[in-house]
**Student:** 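For reference, the structure I am asking about is given below.
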Amino acid sequence: MRKPSPRTRQHDAETQDPDTPFYDAPTGGWGSVNSLRRNFAEAAPQGDVFEVLARHNKPGGVMCSSCAWAKPATPHTAEFCENGAKSVMWELDRRRADPDFFAAHTLAELRGWPDHDLEKAGRITEPMRYDAESDAYRPVDWDTAFEEIGAELSKLAPKEAVFYSSGHAGLETSYLYALFARAMGHQNLPQSSNMCHETTSVNLKNTIGTPVGTCTLEDFDHCDAIFFFGQNTGSNSPRFLHTLKAAVKRGCKIVTFNPLRERGLIEFVDPQNPVQMTVGKPTRISDHYYQLRPGGDVAVLAGLMKCVLAAEEAAPGTVLDHDFIADHTTGFAELEAALVALSWEEIERQSGLARAMIEEAAGVYLAAEKVIGIYGMGLTQHVNGWLNLGMYCNFLMLRGNIGRLGAGISPVRGHSNVQGQRTVGIGEKSSHMPADKLRTLFDIEPPEEDGMNAVEACEALLEGRMKALISLGGNLVRALPDRARMEEAWPKMRLTVYIATKPNRSHLTPGEVSYLLPCLGRTDEDIQATGRQAISMEDTFSHIYGSVGRAEPASEHLKSETDIVAGIAKATLPENPKLKWDDWVADYGLVRDLIEQTFPDDFAGFNERLFQPGGFYRGNPARERIWKTESGKAQFTTPTTLSALGDSPEGADVMTLVTLRSNDQFNTTIYGYRDRLRGLEGSRMVMLVNRDEMARLGLGEGETISLRCAIEDGVERRVEGLVVTPYDLPEGCVAGYYPELNPLVPLAYHEKNSKTPAYKGTPVQILRSSAA
Ligand SMILES: Nc1nc2c(c(=O)[nH]1)N[C@H]1C(S)=C(S)[C@@H](COP(=O)(O)OP(=O)(O)OC[C@H]3O[C@@H](n4cnc5c(=O)[nH]c(N)nc54)[C@H](O)[C@@H]3O)O[C@H]1N2
Ligand SMILES: Nc1nc2c(c(=O)[nH]1)N[C@H]1C(S)=C(S)[C@@H](COP(=O)(O)OP(=O)(O)OC[C@H]3O[C@@H](n4cnc5c(=O)[nH]c(N)nc54)[C@H](O)[C@@H]3O)O[C@H]1N2
Ligand SMILES: [Mo]
């Protein structure tokens, strides 16, 4: 792959490339209010939307179904962001995908609809069964559905079934789902995190002995500097901007490394601050912003650490945290030797940044006593994501920045309960749910064999080893890599069951027997035999909250996710008096008791603490400097390469593809066609590229091109109809939107240890229309 020359110019708002689309207003502010207004007009949500939002993210209210950011103990008057409000409005949609809708449209016809239009059909109102003859979903009653699904699952060898979950469903449903799989005899429990922060779960565990971040919200009141690698706060966790604003006001320094200039990390106007909204100045967020090459983070971190070593050499004993390194870590000498051997020339080449820039950023690090390291998909979705995280931990550990107040490593998780689902047993490993508890609590002999994660399930599907899928939320055929191969293989399954709120693309690829089961959303009131039920979830800081829906459900036929999972389990499993599905559905508090008994260290007093303001903290050993690694110490990682990208074909025409989320989407749910914070509007079928590259490649603005994956493995992967759009990106890379570009990412191109697909660093070639 071509290695472009490093940037020597630091970009700020004034030096933005002229003529490239650019949103020069701050994040938040009136833009945010107007965007909400438009979405409100389109979704025309139910009348109770304002009541729901008034209680949003507050004790006793609904915990946001958008991202996994914390819900503070003392909330703002409106504790929701633009995107949280969009997700509520989207769920409280007045439109209905009812039996008449499905009668009027065959699946073949619906496959021609854009994803946005599919979800715009509204909330699904009744359980539906696919009828192959008419190629349409037809209404069916719940008992028939459960009976047939149970009968189909019972006919399979357990390991032919896969139970997927998107990170939405509450801890109660998730625990029962994980229990159901193991009672059936398998641990095929892939989750959305397999495409997301699995890199974190596996590699942080190897490095510092915990699969999750070590920070809590409190740390942000004490840190002196925050580093950002590959996380887009303005779009994906906007409430975090309030935390950042407060930190900046205290004098905390923020340093960002991102190939794109993301507005939220540049400046912010608090939409809830009337003064700032009218006459105030926006808050500047990042003090320094560096547009590194995609995959260049390993090199940047190596450079930063070389600066730390140089400072130590200049003033021995004053820079490194020698006590921490000696008492708490292993592998320092190897790391040091590797860093000394690295040349700045190579670091500049791989990172795309000039040495002076890295030295400047290191200056901020060295001046700060307490530092937090934030990251997101920009680090995890790479072949060498393990090294990104290893190097990031190295960097923090050199000065003891893990396991003390105001410091730590802090992944920002995606789905609202993605972290919690793993905590209560969703995962393919035996270690995810203690075997002794399965035996004593339920007389279940747990499966010995590990199950499959998302990529492994796809491999099994391609090889005909996967026969049934239950999908608890999510939209796999859109979210997965290698779309063409996946969509083709999908209908070969005997059974597909989609538990969902709104129709999406995955529902249009039914197996031989297929069901679409509509569930209550997070905001909907959930009444069971013992009354109104609460559910619970865990945020990115390992705090756990109860959530109570109060909105009127879209239809009287909806069931809760807990009820649906229990219904399928009961119909599938042989009689076992210890599996009390009916009692559990009647009272979710009983499920919380079971969670507490299964995971006593995390959930002591679960029911009593459910509504504790700010959530209750389940603790984190690395935060206490207890290292649950193989060596019992925190592990320094020695770099074996300076790039996070995988091996790829050489050649001047090979570019690195980064897939992005817009400000108007939640994963595969497209709210609209405006990416306001990037100044892009109207179409998502774009290829963003730097103007110099356009000139080099002879590409014209507005020209339509195709992209092809440059990995040659016998499969041709292409996406056609992309409009060339100049954008301020580093050389050597192009960017476009997820999920539109997922057909370009090979299934086998994933992070080495965790198999998280490398969605941020796929080698591609541009094909001109004539060649396409
Ligand atoms: N509104 C909204 N909120 C969301 C979501 C959503 O779709 N919409 N999705 C949710 C989910 S499931 C998740 S996982 C999170 C995702 O949230 P993020 O972790 O922010 O993920 P992305 O938006 O995919 O990309 C993050 C950033 O990485 C940068 N980047 C790309 N490649 C590199 C690289 O090699 N190095 C560096 N340093 N940066 C790079 C991109 O420019 C982008 O700014 O958000 C959650 N919240
Ligand atoms: N190229 C590329 N691909 C990516 C990514 C990327 O950055 N680039 N990101 C990856 C990441 S981080 C993730 S997490 C995955 C996301 O993958 P998924 O989690 O599989 O996808 P989502 O789009 O979040 O799922 C949306 C669907 O969930 C259903 N839904 C919504 N609310 C509820 C509910 O309350 N209950 C139930 N049962 N269903 C509900 C709706 O039907 C909706 O259509 O995509 C991954 N794919
Ligand atoms: Mo995610």
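Given the structure is predicted, the values throughout are model-derived calculations rather than measurements. Throughout, residue positions are numbered sequentially from 1 according to the sequence presented. In listed order, ligands and their atoms are each counted from 1.
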**Student:** Distance to 0.1 Å, residue and atom name: give those for the protein heavy atom nearest to atom 8 (N) of ligand 1.
**Tutor:**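 Protein heavy atom with the smallest distance to atom 8 (N) of ligand 1: Gln665 O, 2.7 Å.
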**Student:** Can you tell me if Thr125 and Ser555 form a side-chain donor-acceptor pair at under 3.5 Å?
**Tutor:**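 Distance-only check fails for Thr125 and Ser555.
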**Student:** Heavy-atom distance to atom 43 (C) of ligand 2: which of Arg123, Lys502, Glu119 wins?
**Tutor:**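 Considering heavy atoms of Arg123, Lys502, Glu119, the nearest to atom 43 (C) of ligand 2 sits in Glu119.
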**Student:** Numbering the atoms of ligand 2 from 1, which are under 4.0 Å from a heavy atom of Asn504?
**Tutor:**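 Here the atoms of ligand 2 in question are 27 (C), 42 (O), 43 (C), 44 (O).
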**Student:** Any side-chain heavy-atom pair from Trp90 and Phe666 closer than 4.5 angstrom?
**Tutor:**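 SC-SC contact between Trp90 and Phe666 ruled out.
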**Student:** Nearest protein heavy atom to atom 44 (O) of ligand 1, by residue and atom, and its distance?
**Tutor:**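 For this ligand atom, the closest protein heavy atom is Glu262 OE2, 2.5 Å.
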**Student:** For a quick check under 3.5 Å, do Asp297 and Tyr375 share a side-chain donor-acceptor pair by atom type?
**Tutor:**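 No, no side-chain donor-acceptor contact under 3.5 Å.
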**Student:** Taking a cutoff of less than 4.0 Å between a non-hydrogen atom of the residue and any ligand atom, is Arg478 in contact with ligand 2?
**Tutor:**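 Under 4.0 Å: no for Arg478.
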**Student:** Just do the salt bridge (Lys or Arg N to Asp or Glu O under 4.0 Å) check on Arg505 and Glu487 with the steps written out, would you?
**Tutor:** CA-CA 10 Å; Arg505 184 77 194 191; Glu487 269 187 343; 3.4 Å; yes
**Student:** For atom 26 (C) of ligand 1, which protein heavy atom lies nearest, and how many Å away is it?
**Tutor:**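 Minimum-distance protein heavy atom for atom 26 (C) of ligand 1 reads Gly230 O, 3.5 Å.
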**Student:** Between Ser65 and Ser416, do the side chains contain an N or O donor and an N or O acceptor separated by less than 3.5 Å?
**Tutor:**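 Result is no, nothing qualifies.
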**Student:** Just heavy atoms, cut-off under 4.0 Å: does Met377 contact ligand 1 by side chain, backbone, both, or neither?
**Tutor:**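 Contact part for Met377 vs ligand 1: both backbone and side chain.
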**Student:** Which residue and atom name correspond to the protein heavy atom nearest atom 29 (C) of ligand 2, and how close is it?
**Tutor:**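 Of the protein heavy atoms, Gly474 N, 3.8 Å lies nearest.
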**Student:** Looking only at protein heavy atoms, which one is nearest to atom 17 (O) of ligand 1, and how far off is it?
**Tutor:**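 That would be Asn236 ND2, 2.9 Å.
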**Student:** Taking only non-hydrogen atoms of Thr501, do any sit less than 4.0 angstrom from ligand 2?
**Tutor:**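 The answer is yes, since Thr501 has a heavy atom less than 4.0 Å from ligand 2.
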**Student:** Can you find an N or O of Ser235 that's nearer than 3.5 Å to an N or O of ligand 1?
**Tutor:**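 Yes; at least one N/O pair falls below 3.5 Å.
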**Student:** For Asp297, which part has a heavy atom under 4.0 Å from ligand 1: side chain, backbone, both, or neither?
**Tutor:**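 The answer is the side chain of Asp297.
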**Student:** Between ligand 2 and Lys760, can you find any atom pair, the residue atom being a heavy atom, that is separated by under 4.0 Å?
**Tutor:**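 For ligand 2, residue contact (heavy atoms, under 4.0 Å) with Lys760 is present.
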**Student:** Answer yes or no: does an N/O atom from Gly296 fall short of 3.5 Å to an N/O atom of ligand 1?
**Tutor:**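 Between Gly296 and ligand 1 (N or O atoms, distance only) the closest approach is not under 3.5 Å.
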**Student:** So is there a nitrogen or oxygen of His382 less than 3.5 Å from a nitrogen or oxygen in ligand 1?
**Tutor:**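 Yes, since at least one N or O of His382 sits under 3.5 Å from an N or O of ligand 1.
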**Student:** Return the closest protein heavy atom for atom 42 (O) of ligand 1 as residue, atom name and distance.
**Tutor:**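 In this structure, atom 42 (O) of ligand 1 has Asn258 OD1, 2.7 Å as its nearest protein heavy atom.
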**Student:** Please write down residue, atom name and distance for the protein heavy atom closest to atom 7 (O) of ligand 1.
**Tutor:**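 Answer, as residue, atom name and distance: Asn667 N, 2.6 Å.
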**Student:** Atom 38 (N) of ligand 2: which protein heavy atom is closest, and how many Å away?
**Tutor:**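 The answer is Glu561 OE2, 2.7 Å.
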**Student:** Does the separation of the ring centres of Phe229 and Phe395 fall below 6.0 angstrom?
**Tutor:**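 No; Phe395 has its ring centre 6.0 Å or more from that of Phe229.
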**Student:** What protein heavy atom is closest to atom 39 (N) of ligand 2, reported as residue, atom name and distance in Å?
**Tutor:**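 For atom 39 (N) of ligand 2, the nearest protein heavy atom comes out as Gly473 CA, 3.3 Å.
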**Student:** For Ser192, take its heavy atoms, then give the atoms of ligand 2 lying under 4.0 Å from any of them.
**Tutor:**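 Close to Ser192: 14 (S), 19 (O).
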**Student:** Suppose we measure from atom 1 (N) of ligand 2 to each protein heavy atom; which comes out shortest, and what is that distance?
**Tutor:**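 Ranked first by proximity to atom 1 (N) of ligand 2 is Asn742 OD1, 2.7 Å.
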**Student:** Look at atom 10 (C) of ligand 2 and say which protein heavy atom is nearest, naming residue and atom and giving the distance to 0.1 Å.
**Tutor:**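 Going by distance alone, atom 10 (C) of ligand 2 is nearest to Met195 O, 3.4 Å.
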**Student:** Out of Thr669, Thr501, Asn475, which one pairs with Glu119 under the side chain to side chain donor-acceptor pair (under 3.5 Å) rule?
**Tutor:**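 Exactly one candidate clears the test, Thr669.
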**Student:** Step by step, work out the side chain to side chain donor-acceptor pair (under 3.5 Å) result for Thr562 and Glu172.
**Tutor:** CA-CA 7 Å; Thr562 306; Glu172 296 77 5; 6.0 Å; no
**Student:** Under 4.0 Å from ligand 1, counting heavy atoms only, is it the side chain of Leu660, its backbone, both or neither?
**Tutor:**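 Looking at Leu660 and ligand 1, just side chain atoms fall under 4.0 Å.
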**Student:** Heavy-atom contact under 4.0 Å between Gly414 and ligand 2?
**Tutor:**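 Heavy atoms of Gly414 never come under 4.0 Å of ligand 2.
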**Student:** Looking at atom 9 (N) of ligand 2, what's its closest protein heavy atom, distance included?
**Tutor:**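 Scanning the protein heavy atoms, the shortest distance from atom 9 (N) of ligand 2 goes to Arg661 NH2, 3.2 Å.
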**Student:** Non-hydrogen atoms of Tyr164 versus ligand 2: any pair closer than 4.0 Å?
**Tutor:**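 True for this residue.
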**Student:** Among all protein heavy atoms, pick out the one at the shortest distance from atom 45 (O) of ligand 2; state its residue, atom name and that distance to 0.1 Å.
**Tutor:**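 Here the closest protein heavy atom is Tyr738 OH, 2.7 Å.
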**Student:** Just heavy atoms, cut-off under 4.0 Å: does Leu292 contact ligand 1 by side chain, backbone, both, or neither?
**Tutor:**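 Side chain only.
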**Student:** One thing to verify: whether Glu82 and Arg676 come together as a salt bridge, which I'm taking to mean a side-chain N less than 4.0 angstrom from a carboxylate O.
**Tutor:**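 A salt bridge links Arg676 with Glu82.
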**Student:** Have Ser165 and Gln191 got a donor and an acceptor in their side chains that come within less than 3.5 Å?
**Tutor:**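 No, because no side-chain N or O of Ser165 sits under 3.5 Å from a partner of the opposite role on Gln191.
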**Student:** Does Asn83 approach ligand 1 within less than 4.0 angstrom via side chain, backbone, both or neither, non-hydrogen atoms only?
**Tutor:**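 Side chain only.
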**Student:** Mind telling me whether Tyr738 and Tyr759 have parallel, tilted or perpendicular rings, with 30° and 60° as the class edges?
**Tutor:**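 Ring orientation, 0 to 90° scale: parallel.
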**Student:** For Glu198, run the side chain to side chain donor-acceptor pair (under 3.5 Å) check against Ser193, Ser192, Ser754 and tell me which one passes.
**Tutor:**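 Of all the options given, the one that passes is Ser193.
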**Student:** Tell me, which protein residue and heavy-atom name are nearest atom 34 (C) of ligand 1, and how many Å apart are they?
**Tutor:**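 Its nearest protein heavy-atom neighbour is Gly378 O, 3.3 Å.
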**Student:** Starting from atom 23 (O) of ligand 2, find the nearest protein heavy-atom neighbour and note its residue, name and distance.
**Tutor:**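 Sorting protein heavy atoms by distance from atom 23 (O) of ligand 2 puts Thr668 OG1, 2.5 Å first.
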**Student:** What protein heavy atom sits nearest atom 14 (S) of ligand 1, and how far off is it?
**Tutor:**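 Scanning the protein heavy atoms, the shortest distance from atom 14 (S) of ligand 1 goes to Cys196 SG, 3.0 Å.
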**Student:** Looking at Gln381, which atoms of ligand 2 are within less than 4.0 Å of one of its heavy atoms?
**Tutor:**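 Atoms satisfying the 4.0 Å criterion: 5 (C), 6 (C), 7 (O), 9 (N), 10 (C), 12 (S).
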**Student:** At a 4.0 Å cut-off, with the gap strictly under it, does some heavy atom of Asn475 reach an atom of ligand 2?
**Tutor:**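 The answer is yes: ligand 2 sits under 4.0 Å from a heavy atom of Asn475.
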